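Quantities reported herein were computed from a predicted structural model and do not represent experimental measurements. Within every chain, numbering begins at 1; the chains are lettered A, B, ... in the order of the sequence lines, protein sequences first and strands thereafter.
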There are 2 protein chains.
Amino acid sequence: MAHTPPIPEGSEVFEAAGHDHDHCVDHALQAAETICTREGARLTPLRRQVLELVWRSHEPIGAYDVLARLQREGASDAEDGRPAAPPTVYRALDFLLKYGLVHRIESLNAYVGCAHPQEDHNGQFLICRTCGTAAEIEDDAISAAIRDNAKRIGFAVDRVTVEVSGLCPRCRSDAHA
Amino acid sequence: MAHTPPIPEGSEVFEAAGHDHDHCVDHALQAAETICTREGARLTPLRRQVLELVWRSHEPIGAYDVLARLQREGASDAEDGRPAAPPTVYRALDFLLKYGLVHRIESLNAYVGCAHPQEDHNGQFLICRTCGTAAEIEDDAISAAIRDNAKRIGFAVDRVTVEVSGLCPRCRSDAHA
DNA sequence: CTCGTTATGTTATTTTATAACATTTCAATC
DNA sequence: GATTGAAATGTTATAAAATAACATAACGAG
């Protein structure tokens, strides 16, 4: 353990637009394999495919959008008749949530690949209302402030949701133009 | 039943169980009148009734629960035939959200009366998974930490959602018993 | 192989939210 | 006090998000 994750400086967290996304999808899938192996969890073809679809989207994607894409691709390896149904996707997403491979964005009813799947955390998000991108940050000051409050009040924290919506740097510049 | 546990410091925010709730509903309605007058907004009987229903619940309440109670009470002063329909409630809730009289809890798809309606803020919530109570806090350290991050990244903040779920002091004590 | 467990398929329904259009209410102006 | 345009509410229908309940298949330990 104890290897410090690279902390994105400034607007690098919103680098989405121009980067090699295939690479980062592959990386995420690789990481997922590793984690599931370690946890004794089964990253089945279906779950893997759902994870890939979530990552490919790169912005938060709704369960029914995942479903639609799953249907287009033909579920998993099965090239049979019927299209996949909602529970298929929800179950896969629940699995991925459980192992911290995706996060759910409550304010959007949508899911996004977790940027730091090795750590146990809930994610903090900056969500651009224009381009839809959600940047995951993990700031100790925010976590600490929340933890301090909970402690003061005697509240036992289970899960923390931090979602900030607004305008990302790029869309902000565009708006000025 | 367990005996009354020692109440930890700071648990006033979770005072819900024992207090004079009628009083605090009245107070909230009074404050709402004041704010709407100041803002030139119309707190119609329907909107007032919805606000009252949200407050009466004292824990976050779903739109359809509000609707059901509205129907039971007979919508507003109209004692006519048909029961109210969903848009009626959603529109009233939208109005109340707009003027900061209620907050929406994203992680519950539910609404709760705002504890500090005069100030412009988004609310930060500690939500007990056992008793369902949502305590609204307003902590500058949390706000500041989020603001700092946004600034560093160049993100223009619009709306901040902070929802912490877990166990409130009371339920925590009960769980130990 | 066999048997219990886990995963997925399938059908139906529930819950949450909004679109679209009709009618009513309100209050400002004539 | 009638006219009228805007705001609020009524009404009908449907969209979008999530889950319940039960059936079948795959998987892996013994």
Side-chain angles (χ1 to χ4, degrees), chain A residues 32 36-37 39-51 53-54 57 60-71 73-99 101-112, chain B residues 32 36-37 39-51 53-54 57 60-71 73-99 101-102 104-112 132:
Chain A
C36 287
T37 299
E39 303 287 326
R42 292 168 51 198
L43 187 62
T44 63
L46 176 64
R47 289 164 173 173
R48 198 188 144 90
Q49 193 182 5
V50 168
L51 179 58
L53 287 169
V54 170
S57 149
I61 181 176
Y64 277 76
D65 284 339
V66 173
L67 179 60
R69 295 181 192 192
L70 196 58
Q71 292 169 340
E73 298 196 7
S76 194
D77 44 4
E79 205 56 65
D80 69 342
R82 283 166 257 248
T88 297
V89 166
Y90 280 102
R91 285 191 284 230
L93 289 171
D94 284 347
F95 171 88
L96 298 170
L97 283 169
K98 180 175 173 186
Y99 289 97
L101 303 173
V102 302
H103 291 293
R104 178 179 158 82
I105 310 290
E106 298 291 347
S107 57
L108 299 176
N109 294 334
Y111 302 81
V112 67
Chain B
C36 286
T37 299
E39 302 288 326
R42 291 169 52 196
L43 188 63
T44 63
L46 176 64
R47 290 165 174 172
R48 197 188 145 92
Q49 193 182 4
V50 168
L51 179 59
L53 287 169
V54 170
S57 149
I61 181 176
Y64 277 76
D65 284 338
V66 173
L67 179 60
R69 294 181 193 192
L70 196 58
Q71 292 169 339
E73 300 198 4
S76 192
D77 46 1
E79 206 55 65
D80 68 342
R82 283 167 258 249
T88 296
V89 165
Y90 280 102
R91 286 192 284 230
L93 289 170
D94 284 346
F95 171 87
L96 298 170
L97 283 169
K98 179 176 173 185
Y99 288 97
L101 303 174
V102 303
R104 177 178 160 84
I105 309 291
E106 297 291 347
S107 57
L108 299 175
N109 294 333
Y111 302 81
V112 67

Worksheet item: Between the side chain of A/Gln71 and the main-chain N/O of A/Pro83, is any donor-acceptor distance below 3.5 Å?
Response: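 Not confirmed, A/Gln71 side chain does not pair with A/Pro83 backbone.
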Worksheet item: Would you say A/Arg47's side chain and A/Arg42's backbone share a donor-acceptor pair under 3.5 angstrom?
Response: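 Checked: pair present.
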Side chain to side chain, [X] and [Y], heavy atoms closer than 4.5 Å:
{"X": "A/Asn109", "Y": "A/Arg104", "value": "yes"}
{"X": "B/Tyr90", "Y": "B/Leu67", "value": "no"}
{"X": "A/Thr37", "Y": "A/Leu43", "value": "no"}
{"X": "B/Leu97", "Y": "B/Tyr111", "value": "yes"}

Whole-Å distance separating the [atom1] atom of [X] from the [atom2] atom of [N]:
{"X": "B/Asp94", "N": "D/dA8", "atom1": "CG", "atom2": "P", "answer": "12 Å"}
{"X": "A/Lys98", "N": "C/dA7", "atom1": "NZ", "atom2": "C1'", "answer": "12 Å"}
{"X": "A/Leu43", "N": "C/dT6", "atom1": "CG", "atom2": "P", "answer": "18 Å"}
{"X": "B/Arg82", "N": "C/dT23", "atom1": "CZ", "atom2": "C1'", "answer": "12 Å"}
{"X": "A/Leu108", "N": "C/dA17", "atom1": "CG", "atom2": "C1'", "answer": "15 Å"}
{"X": "B/Leu67", "N": "D/dT12", "atom1": "CG", "atom2": "P", "answer": "14 Å"}
{"X": "B/Tyr90", "N": "D/dA8", "atom1": "OH", "atom2": "C1'", "answer": "19 Å"}
{"X": "B/Leu46", "N": "C/dT24", "atom1": "CG", "atom2": "P", "answer": "17 Å"}

Worksheet item: Closest to the A/Pro86 side chain: D/dT12, D/dA8, D/dT19?
Response: D/dT19
Fill in: Most 5' of B/Ala85 and B/Arg47 on DNA chain D, judged by nearest nucleotide
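Closest to the 5' end, via its nearest nucleotide, is B/Arg47.
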Worksheet item: Hey, does B/Arg104 reach any base, or is it just sugar-phosphate, or nothing, if we go heavy atoms under 4.0 Å?
Response: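 Sugar-phosphate contact only - B/Arg104 comes under 4.0 Å of backbone atoms but never of a base.
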Worksheet item: Among B/Leu108, B/Val66, B/Ile105, whose side-chain contact (heavy atoms from CB on, under 4.5 Å) with B/Ile61 holds?
Response: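 The side-chain contact (heavy atoms from CB on, under 4.5 Å) with B/Ile61 is passed solely by B/Val66 among B/Leu108, B/Val66, B/Ile105.
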Fill in: Given DNA chain C, 5'-ward residue of the pair B/Pro87 and B/Asp65, judged by closest heavy atom
B/Asp65
Worksheet item: Between A/Thr88 and B/Arg91, who's closer to the 5' end of DNA chain C by nearest nucleotide?
Response: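 Of the two residues, A/Thr88 wins.
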What pairs of nitrogen or oxygen atoms, one from the protein and one from nucleotides 28-30 of chain D, lie under 3.5 Å apart?
none

Worksheet item: Under 4.0 Å between a side-chain N or O of B/Asn109 and OP1 or OP2 of C/dA17?
Response: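 Checking B/Asn109 against C/dA17: at least one side-chain N or O falls below 4.0 Å of OP1 or OP2.
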Worksheet item: OP1, OP2 of D/dT9 versus side-chain N and O of B/Thr44: anything below 4.0 Å?
Response: yes
Item to complete: Check whether the aromatic ring of B/Tyr64 stacks on the base of C/dT16, taking stacking as ring centres less than 5.5 Å apart and planes within 30° of each other.
Response: yes
